[in-house]
Amino acid sequence: MSDRLPGFSTLAVHAGAQPDPTTGARATPIYQTTSFVFNDADHAASLFGLQAFGNIYTRIGNPTNAVLEERVAALEGGTAALAVASGHAAQVVILQQLLQPGDEFIAARKLYGGSINQFTHAFKSFGWNVVWADPDDIASFERAVTPRTKAIFIESIANPAGSITDIEAISTVARKAGVPLIVDNTLASPYLIRPIDHGADIVVHSLTKFLGGHGNSLGGIIVDAGTFDWSTGGKYPMLSEPRPEYHGIRLQETFGNFAFAIACRVLGLRDLGPALSPFNAFMILTGIETLPLRMQKHCDNAKAVAEFLAGHPAVASVSYAGLASDKYNQLARKYAPKGAGAVFTFSLKGGYDAGVNLVSKLQLFSHLANVGDTRSLVIHPASTTHSQLDDAAKVKSGAGPDVVRLSVGIEDKEDLIADLEQALGA
Ligand SMILES: *Cc1c(COP(=O)(O)O)cnc(C)c1O
């Protein structure tokens, strides 16, 4: 064996997986079982008391899901990961470990529309208060910090406009405030950006998007960077205080640099219950094997489509960080040198009606509310994903009435451009 550390594409195919020890199966089997037989009564007791690692029940862990967890932890450079049923479930599980009722977290205003809704409404009923900040104004994060702030949440490449967030600058604010930085890396995937290399303490994904990559399976994942000290000042009692559910053990003390991933599993997933189906884990693992190939093609196609749109007379503006003229191009060169992702927006001179019209004329682009599929997708955020926001909030979050969002797929770019040309011209 050579001493070389495996590269990203090798990890995407192999990390976490071995031939099945019983059957020799080379692809990771789908362990479609709810539960696992204990060796004996002592073994059962030690599993329940967290004195030994092993399988108990698929709500808490499953061998297929474990391969997915190890693979994404390796690709992101984290210490451990926990897979759950969806990206939104991952966000709930993360914040449940960090916030008590009455606590606050700061979130970048440019976010996936579903996250804006979840943070504003659902989390309010848990007593978790979101305070918005502007990712283009780092000082707005500093101003938002209070003694009740427990975390900062940003997207690496932000929905819907594909803008690039200055992760290092915001991580400096988080460090000064003594709170973890959570980065939603869904739109970048670890192929384009590895937030832990830039100071993130926790990375979260909707696996539903580029990691799964084929628009067929929901999933979410939480990656623990192992960088945060949870013991400071009793601020994070779920991690630092004795847990009555587990004979009084303290998770940080017992599990060290993967305590956060353990907390998410044994306090979050076990008690809230959003387990990922092993079948979905298998589908997503298969998708991840081709992540580097797909992501590069997504980015190359997106750049070609953005350049075409920028030169079209019906188009008022294009927001794609991969264009040299874009205001985020400098940040894109720093954080995502292989490509600026495949999700971006453009605005039409004809406003709201032109947006609705375009979406109805496109044929190859599917009109639907998803991103990160092999297929090219289109949506008009103002009339769909962001329709709950008032006009000012729509504009602030990058979803004004004239804005159309694309998720560029891996088809031939000439066909995508031809489809846009006929729809814009008609
Ligand atoms: C889709 C998405 C989510 C939510 O993930 P689900 O798997 O749909 O629950 C969160 N963040 C971003 C950036 C997303 O695109």
Go through the steps to decide whether Ile417 and Val305 satisfy the test side-chain contact (heavy atoms from CB on, under 4.5 Å), and finish with yes or no. CA-CA 6 Å; Ile417 289 169; Val305 167; 4.3 Å; yes
Nearest 0.5 Å please: distance from the CZ atom of Phe210 over to the CG atom of Leu187. 6.0 Å
For a side-chain contact (heavy atoms from CB on, under 4.5 Å) check, start with the C-alpha distance between Thr58 and Gln32, then their side-chain angles and the critical distance, and finish with the verdict. CA-CA 9 Å; Thr58 285; Gln32 192 71 20; over 6 Å; no
Test your reading of the model: is there a side-chain donor-acceptor pair from Asp224 to the backbone of Ala80, 3.5 Å cut-off? no
If you look at every heavy atom in Ile288 and Ala12, which pair is closest and at what distance? O-CB, 3.5 Å
Does the distance from a Lys or Arg side-chain N to an Asp or Glu carboxylate O, for Arg143 and Asp137, drop under 4.0 Å? yes
Would you find a donor on one side and an acceptor on the other, under 3.5 Å apart, between the side chain of Arg243 and the backbone of Ile249? no
Check: Lys338 main-chain N/O paired with Gln296 side-chain donor or acceptor under 3.5 Å: yes
Less than 4.5 Å apart, any side-chain heavy atom of Val179 and any of Lys235? yes
Determine whether Arg71 and Glu289 satisfy the following criterion, side-chain contact (heavy atoms from CB on, under 4.5 Å), listing intermediate values before the conclusion. CA-CA 10 Å; Arg71 186 161 307 170; Glu289 292 178 8; 3.8 Å; yes
Measuring from atom CG of Leu82 to atom CG of Leu68, what distance do you get when rounded to the nearest 0.5 angstrom? 10.0 Å
Show, in sequence, the C-alpha distance, side-chain angles and deciding distance for Tyr328 and Asp136, and conclude whether the side chain to side chain donor-acceptor pair (under 3.5 Å) test is met. CA-CA 10 Å; Tyr328 296 100; Asp136 297 333; 2.7 Å; yes
Side chains of Ile167 and Leu181, heavy atoms from C-beta outward: is any pair under 4.5 Å? yes
So, Arg175 and Asp201, do they make that salt bridge, N to O below 4.0 Å? yes
Going by the angle between their ring planes, with limits at 30° and 60°, are Phe126 and Trp128 parallel, tilted or perpendicular? perpendicular
Between Gln422 and Ala418 (side chain of the first, backbone of the second, donor and acceptor by atom type, cut-off under 3.5 Å), is there such a pair? no
Between Phe123, Phe105, Phe119, which is the residue that forms a ring-ring contact (aromatic ring centres under 6.0 Å, His included) with Phe153? Phe119
Side-chain touch Asn357/Asp353, heavy atoms, less than 4.5 angstrom: no
Side chains of Asn65 and Glu69 only: does a donor on one sit below 3.5 Å from an acceptor on the other? no
Working to the nearest 0.5 angstrom, can you tell me the gap between Leu424 CG and Leu309 CG? 6.5 Å
Ring pair (Phe, Tyr, Trp, His ring centres under 6.0 Å) partners for Tyr352, two or more places apart: His380
Heavy-atom nearest pair, Glu76 first then Pro195, reads OE1-CD, 3.4 Å
Would the distance check show the side chain of Arg59 and the main-chain N or O of Leu272 forming a donor-acceptor pair, the cut-off being under 3.5 Å? no
Within 45° cone and under 6.0 Å: Lys209 NZ/CZ vs Tyr112 ring: yes
Side chain proximity check, Pro160 to Val403, heavy atoms < 4.5 angstrom: no
Can you tell me how far the CD atom of Gln100 sits from the NZ atom of Lys150, to the nearest 0.5 Å? 6.0 Å
Pro237 and Gly234 have their tightest heavy-atom pair at CD-O, 3.7 Å
Looking at Asp134, is its backbone amide N or carbonyl O close enough to the side chain of Ser140 to form a donor-acceptor pair, meaning the two atoms are under 3.5 Å apart? yes
Results of salt bridge (charged side-chain N to carboxylate O under 4.0 Å, His left out) for Asp391 - residues two or more places apart only: Lys394
Taking side chain as C-beta onward, heavy atoms only, is Val359 less than 4.5 Å from Ile379? no
Measure the spacing between CD of Glu307 and NZ of Lys303 and express it to the nearest 0.5 Å. 4.5 Å
Distance in Å, Ser9 OG paired with His14 NE2, rounded so as to fall on 0.5 Å steps: 10.5 Å
Would you indicate whether the side-chain heavy atoms of Asn301 and Lys297 approach each other to under 4.5 Å? yes
Cys264 side chain reached by Gln97 side chain, heavy atoms, under 4.5 Å: yes
Counting distance only, does the side-chain N/O of Tyr320 pair as donor-acceptor with the main-chain N or O of Gly341 below 3.5 Å? yes
Looking at Lys110 and Ser163, what are the two nearest heavy atoms and their distance? CD-OG, 3.7 Å
Could you pull out the closest heavy-atom pair between Ala74 and Leu11, with the gap in Å? O-CD1, 4.1 Å
Side chains of Asp300 and Lys413: closer than 4.5 Å at any heavy-atom pair? no
Is it the case that the side chain of Ser376 and the backbone of Val408 share a donor-acceptor pair, with hydrogens and angles ignored and the cut-off at 3.5 Å? no
Residues that Trp230 engages under ring pair (Phe, Tyr, Trp, His ring centres under 6.0 Å), provided they are two or more places apart: Phe228, Tyr236, Phe260
Heavy-atom pair with the smallest gap, counting every atom of Thr165 and Ala158: OG1-CB, 4.4 Å
Does Arg405 reach the main-chain N or O of Thr345 with its side chain, forming a donor-acceptor pair under 3.5 Å? no
For residues Ser347 and Ser317, is any side-chain donor paired with an opposing acceptor at under 3.5 Å? yes
In sequence, state the C-alpha distance, the side-chain angles, and the governing distance for Val72 and Ile284, and then conclude on side-chain contact (heavy atoms from CB on, under 4.5 Å). CA-CA 11 Å; Val72 177; Ile284 293 162; over 6 Å; no
Backbone N/O of Met283 and side chain of Ser217: donor-acceptor pair under 3.5 Å: no
